[in-house]
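Right, one structure below, let's go through it.
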Amino acid sequence: MTSPVLVAVAWPYASGSRHLGHLAGAYLPSDIFARQQRIIGNEVLMVSGSDVHGTPITVRADEEGVAPQDIVDRYHNEFLSQWDQLGISWDLYTTTGTPNHSHVTQQMFLAQLGSGHIDRRKSEQLFDLEVSRFLPDRYVEGTCPHCGSNEARGDQCDNCGKTYDATELINPKSKMSSSTPVLRETEHFYFRYSDFNESLKSFLNSKEGWRNHVINFAIGWLRDEGLIDRAITRDLDWGIELPVEDLGDGKRIYVWYDAVIGYLSASKEWAEREGDPDRWKHWWYNDEARHVYFIGKDNIPFHALFWPAQLMAVGEQMDGQPLHLPDDIPANQYVTFKGGKASASRGVGMTIEEGLEHFQADALRYALAANFPEQADTEISYDEIVRRVNEELVANWGNLVNRVLSMTHKTCGGYVAEPGEITEEDASLLAFIDRSLEESAELFEAVELRAALRKGMEAAQEANRYLNATEPWKISKTDLARAKTVLYVALSAINGIRVMLSPFLPFSSEKLDDLLGRPNGWVRVPLTVGLPISKPTPLFTKIET
RNA sequence: GGCGGCGUAGCUCAGUUGGUUAGAGCGCUCGACUCAUAAUCGGGAGGUCGACAGUUCAAAUCUGUCCGCCGCUACCA
């Protein structure tokens with residue numbers, strides 16, 4: 001029984017390097033989930049890409065005196081290289097800068113405009129005369145109208161925490177030029193999010209099994225005054241062009257309206273590249289499909305509220321069918337770093353690049369997965385990663401593989417021996433492994449990846465116990481046949497455990513695939529008698545501190 | 001300020017709808033073993049579950065207040 005699963009992953013913003021928090025929050029859990037779903041036979045489509053629009057990129061480009069595209073290219077390439085090093089198994093990793101993405105965005109815009117969920121409104125915004133640019137709130141600072149602090153941002157005062165309209169700020173200054181901004185009228189398209197308050201409420205209420213913090217946060221946002229309509233265009237020249245001329249030049253669709261559309265546009269791009277242009281419909285016009293969005297908690301409003309509203313607003317106007325809404329949004333909380341050597345610069349954390357400098361990809365994946373912030377913010381540090389790798393991954397799993405392969409190599413003459421009679425003890429271990437596989441699969445369904453990883457490690461521990469109890473190194477001297485059977489059983493256990501761990505540890509798992517053969521589904525496949533086992537090299541190396 | 005979350009063994013975290021002596025991994029300690037990357041296996045010590053008050057036959061779990069930390073507060077996405 002296979003079913004289509006869309007693994008939708010937050011789009012990294014191409015304005016700077018991403019850190020381990022982003023990796024643990026979205027990219028790694030999505031990859032682990034996707035790999036497991038593929039093994040159990042589901043039709044996985046895993047898409048994401050670099051988010052290339054938005055004000056921070058243009059500001060950064062100005063600061064460096066380069067084009068926005070240069071910034072985008074730099075970080076997009078950095079991301080691509082890191083995904084490769086980390087083994088993130090995208091079906092497509094694209095960008096929001098493609099003609100396809102523009103086209104799909106414009107299509108959706110037109111559909112929503114046609115159905116009356118987008119309208120035009122005029123407003124007054126602060127404008128920087130020196131750089132000739134309208135200023136987003138965060139680029140204005142001045143004196144707080146409430147507490148008098150001089151370090152208030154345009155929309156909120158960090159000192160007293162109050163929010164207000166940027167036009168209320170006393171002595172506003174542009175952060176781009178330090179000049180005093182002026183008010184200027186501008187006209188924009190607004191998305192009528194408020195049209196969907198009721199629909200979103202029933203959408204959210206129909207969801208079961210969502211993580212508490214996700215559903216609480218989304219419903220809480222709706223409960224008070226509900227969603228308010230938001231401008232989805234800006235006075236910019238960096239962004240997707242409008243498909244209508246109404247507002248004149250210099251207006252673009254703004255990033256947070258178009259970025260989420262990437263899930264759909266990337267699905268279409270993938271289908272196009274596959275040579276089967278309608279294939280995306282298998283995921284988007286299919287009630288049987290399951291759409292799982294992997295994001296950090298800061299992204300919850302966009303994925304639990306804005307994006308579903310945008311999808312609902314399209315209705316059946318694009319192909320006569322409604323687009324599939326999110327089924328689960330297992331947003332992770334934050335990975336936190338405190339002091340220590342976590343950051344080279346300011347102690348704020350470790351970038352993905354730094355993580356890869358210090359650790360093997362599988363080691364980093366293991367340590368982060370063991371600490372995924374699935375329920376609450378989770379503290380991590382360099383020392384914690386080292387501890388996870390040395391004391392758990394290497395000592396328990398790496399060592400198990402190594403000791404069994406070494407003994408098999410030595411005791412059984414370099415190949416997998418024919419087992420003798422299987423005792424109750426042997427059968428009991430294998431039953432434990434098989435049960436762990438089943439339990440692990442259930443945890444994957446619930447996207448409880450940390451617990452699923454623990455299942456695999458518990459299984460490895462059980463195999464270590466079995467070896468200590470059966471002592472094959474000892475009985476090989478008195479009963480070689482029995483020793484060979486024990487090693488056969490132990491290696492069989494490993495053959496099951498590696499399946500459970502493979503979504504987490506793709507690189508070392510591939511080494512085992514080469515040795516033991518490719519696994520076939522989420523099960524322990526019987527070992528092939530006669531398989532050559534040479535002197536093993538360790539799967540992982542300890543980290544020297 | 002408002003909303004949400006968190007505060008459980010030295011460390012990182014689990015604790016389902018309130019119910020027997022509060023759990024795991026790691027660390028520590030004692031012991032076993034020696035095939036294995038000084039790895040493994042067994043035993044043990046270690047917590048008044050942030051504080052106080054309340055509801056209940058019974059609370060880490062529900063209610064209230066307080067303390068501490070964090071996030072969000074809609075133009076960062």
Side-chain angles (χ1 to χ4, degrees), chain A residues 10-13 15 51 53-57 59 125-126 134-140 146-147 153-157 160-163 165-166 193 212-213 216-221 223-225 227-231 234 254-257 259-260 295-302 305-306 333-334 336 338 367 370-381 383-384 387-388 390-392 394-396 398-411 448 450-451 454 457-458 460-461 463-469 471-474 476 483 486-487 490 536-542:
Chain A
W11 290 55
Y13 197 42
S15 63
D51 180 0
H53 298 306
T55 310
I57 286 177
V59 170
Q125 301 279 325
L126 290 172
F134 280 96
L135 295 167
D137 286 347
R138 65 184 312 225
Y139 289 102
V140 182
H146 298 284
C147 74
R153 287 184 287 136
D155 54 343
Q156 181 180 19
C157 173
C160 68
K162 288 209 165 78
T163 59
D165 201 278
Y193 289 101
N212 277 332
H213 70 275
N216 284 346
F217 191 78
I219 287 177
W221 199 312
R223 194 174 44 216
D224 303 331
E225 58 252 71
L227 295 187
I228 57 176
D229 302 336
R230 310 220 303 176
R234 289 291 185 282
Y254 198 54
V255 59
W256 50 252
Y257 171 83
V260 284
I295 61 171
K297 68 173 163 184
D298 52 333
N299 242 325
I300 291 170
F302 287 87
L305 301 168
F306 298 160
Q333 310 238 16
Y334 292 144
T336 57
K338 272 179 195 159
N371 277 22
F372 275 162
E374 292 175 348
Q375 318 276 350
D377 291 355
T378 300
E379 176 74 14
I380 204 168
S381 62
D383 288 344
E384 170 71 4
R387 201 218 93 211
R388 289 283 189 188
N390 286 355
E391 307 298 336
E392 295 181 10
V394 175
N396 186 8
N399 183 241
L400 172 70
V401 172
N402 200 238
R403 70 194 294 211
V404 171
L405 290 179
S406 291
M407 277 191 279
T408 302
H409 172 67
K410 266 191 269 183
T411 309
E448 293 183 28
R450 229 162 80 154
R454 194 94 271 291
M457 295 306 280
E458 278 170 16
Q461 195 166 35
N464 273 320
R465 267 191 210 108
Y466 168 84
L467 288 172
N468 279 52
E471 301 184 305
W473 55 90
K474 207 176 269 180
S476 65
V486 166
L487 290 173
T537 52
L539 284 182
F540 317 99
T541 48
K542 276 203 168 190

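Keep in mind that this is a model prediction, so the values were computed, not measured. Just so we're on the same page: letters track the sequence lines, and every chain starts at 1.
Listed candidates were B:U37, B:C75, B:U12. Nearest to the side chain of A:T378 is B:U12. Relative to the side chain of A:R387, the nucleotides B:C75, B:C26, B:C72 differ in distance, and B:C26 lies closest. The listed nucleotides are B:G5, B:G71, B:C26; the one nearest the side chain of A:E391 is B:C26. Picking from B:A36, B:C13, B:U73 the nucleotide with the shortest atom distance to the side chain of A:K410 gives B:A36. For A:R450, counting side-chain heavy atoms from C-beta on, the closest listed nucleotide (B:C13, B:G25, B:C35) is B:C13. Closest to the A:R403 side chain, of the nucleotides B:A36, B:C11, B:C75, is B:A36. Side-chain proximity of A:R454 to the nucleotides B:G25, B:C13, B:C35 is greatest for B:G25. Listed nucleotides: B:A74, B:A39, B:C35. Nearest to the side chain of A:S406: B:C35. Proximity note for A:R465 (side chain, C-beta onward) versus B:C41, B:G25, B:C33: the nearest is B:C41. Side-chain proximity of A:N464 to B:A36, B:C41, B:U12: nearest is B:C41.
Within 4.0 Å (heavy atoms only), A:Y193 reaches no atom of the nucleic acid at all. Heavy atoms of A:V394 sit under 4.0 angstrom from at least one base atom. Residue A:L467 is out of contact with every strand shown, counting any heavy-atom pair closer than 4.0 Å. A:E458 comes within 4.0 angstrom of no nucleic acid atom, judged by non-hydrogen atoms across all strands. A:P538 comes within 4.0 angstrom of a base, heavy atoms only.
Contact annotation: the side chain of A:K297 approaches that of A:I300 to within less than 4.5 Å [non-hydrogen atoms, C-beta and beyond]. Taking 4.5 Å as the limit, every side-chain heavy atom of A:V255 sits out of range of all side-chain heavy atoms of A:R234. In this structure, A:I380 and A:R388 have side chains that are not in contact, with every pair of non-hydrogen atoms separated by 4.5 Å or more. Counting only heavy atoms from C-beta outward, the side chains of A:W473 and A:K410 never approach each other to under 4.5 Å. Taking 4.5 Å as the limit, every side-chain heavy atom of A:I57 sits out of range of all side-chain heavy atoms of A:D51.
Residue A:N371 contributes atom CG, which lies 6 Å from atom P of B:C13 at whole-angstrom precision. Rounded to an integer number of Å, the gap from CZ of A:F134 to C1' of B:C75 is 13 Å. Look at CD on A:E448: it is 12 Å from P on B:U16, rounded to the nearest Å. Summarising the geometry, the separation between CE on A:M457 and P on B:C41 is reported as 10 Å, rounded to the nearest angstrom. Rounded to an integer number of Å, the gap from A:Y13 OH to B:C75 C1' is 12 Å. Per the geometry, CG belonging to A:D51 stands 14 Å off P belonging to B:C76, to the nearest Å. One interatomic measurement links the two molecules: NZ of A:K297 to P of B:G71, which rounds to 8 Å at whole-angstrom precision. Computed from coordinates, the A:H213 NE2 to B:G5 C1' distance equals 9 Å when rounded to whole Å.
Here B:G71 sits opposite B:C3 as a Watson-Crick or G-U wobble pair (both hydrogen-bonding atom distances under 3.5 Å). For B:G47, there is no paired nucleotide, since no Watson-Crick or G-U wobble pair has both relevant distances below 3.5 Å. B:C62 and B:G54 make up a base pair, with Watson-Crick or G-U wobble contacts both under 3.5 Å. Searching all strands for a Watson-Crick or G-U wobble partner of B:C13 with both distances below 3.5 Å returns B:G23.
Here, B:G15 and B:U61 have their P atoms 15 Å apart, quoted to the whole Å. For the P atom pair drawn from B:G46 and B:C30, the interatomic distance equals 16 Å after rounding to whole Å. Using atom C1' as the reference point in both B:U12 and B:A58, the two lie 31 Å apart (nearest Å). Nucleotides B:A9 and B:C28 are separated by 12 Å at their C1' atoms, to the nearest Å. Between B:G10 and B:U16, the distance separating the two P atoms is 22 Å to the nearest Å. When the P atom is compared between B:A24 and B:G43, the two are found 11 Å apart, to the nearest whole Å. Taking atom P on both nucleotides, B:A60 is separated from B:U8 by 15 Å, rounded to a whole Å. With P as the reference atom, B:G19 and B:C75 are 44 Å apart, rounded to whole Å.
Where A:L539 and A:Y334 meet RNA chain B, the nucleotide closest to each residue was compared, and A:L539 sits on the side nearer the 5' end. With the nearest nucleotide of RNA chain B identified for both A:K542 and A:N402, A:N402 has the one nearer the 5' end.
Although no hydrogens or angles enter the test, the distance criterion places no donor-acceptor pair under 3.5 Å between the side chain of A:R230 and the main chain of A:L227. Using a distance-only test at 3.5 Å, with no hydrogens or angles considered, no donor-acceptor pair links the side chain of A:D377 to the main chain of A:T336.
Electrostatic pairing of A:R387 and A:E391 does not count as a salt bridge here, judged by no charged N lying under 4.0 Å from a carboxylate O.
The base of B:U40 is paired with the side chain of A:N468 by a donor and an acceptor separated by under 3.5 Å. Within 3.5 Å, no donor on the side chain of A:E471 pairs with an acceptor on the base of B:C35, nor the reverse. Applying the 3.5 Å distance criterion, the base of B:A36 shares no donor-acceptor pair with the side chain of A:W473.
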